[in-house]
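Below is one structure; the comments refer to it alone.
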Amino acid sequence: MAQVKIMARKNGPFRVEAPEGSIELVDADGHKYDLTGKPNFALCRCGGSVNKPFCDGTHSRIGFQAAEAAVRAEEQGKDQQKKP
Ligand code: FES
């Protein structure tokens with residue numbers, strides 16, 4: 001079983017669960033975010049958080065809807081064949 005789990009919450013953030021110290025989260029300049037004491041945290045994917053890259057709950061207020069779901073590769077192939 002993987003040590004790190006990233007779950008796309010329904011109409012919400014990416015929830016990251018990992019043993020403390022096993023993840024390094026850096027910004028575009030390579031500076032580390034302090035994850036001390038945060039074995040679990042949520043990353044914003046709605047774009048509305050004022051505390052990016054972390055979720056601050058704004059997704060609920062703005063009615064964020066995520067359409068994606070995990071699909072098997074075979075199913076993706078079928079979908080692509082249906083497109084004109
Ligand atoms: S996903 Fe929660 S604030 Fe963006």
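Counting convention: from 1, in listed order, for ligands and their atoms alike.
Near-neighbour remark for atom 4 (Fe) of ligand 1: protein N, O or S atoms under 2.8 Å are Cys44 SG, Cys46 SG; waters not counted.
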(request) Could you walk me through whether Leu43 and Cys55 pass side-chain contact (heavy atoms from CB on, under 4.5 Å), step by step? (result) CA-CA 5 Å; Leu43 296 174; Cys55 170; over 6 Å; no
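Sorted by first and then second residue, the pairs that involve residues 58-67 and meet side-chain hydrogen bond (donor to acceptor under 3.5 Å, both in side chains), not counting sequence neighbours, are Asp56-Thr58, Thr58-Arg61.
Of the possible donor and acceptor atoms, none in the side chain of Ser49 sits under 3.5 Å from a partner among the backbone N and O of Cys44.
Remark: Lys32 engages Glu24 in a side-chain hydrogen bond (donor to acceptor under 3.5 Å, both in side chains) (not counting sequence neighbours). Arg9 pairs by the salt bridge (charged side-chain N to carboxylate O under 4.0 Å, His left out) definition with nothing, not counting sequence neighbours.
Val4 and Leu25 fall within the same hydrophobic cluster, defined by Ile, Leu, Val, Met, Phe, Trp and Tyr side-chain heavy atoms under 4.5 Å apart, directly or through other members.
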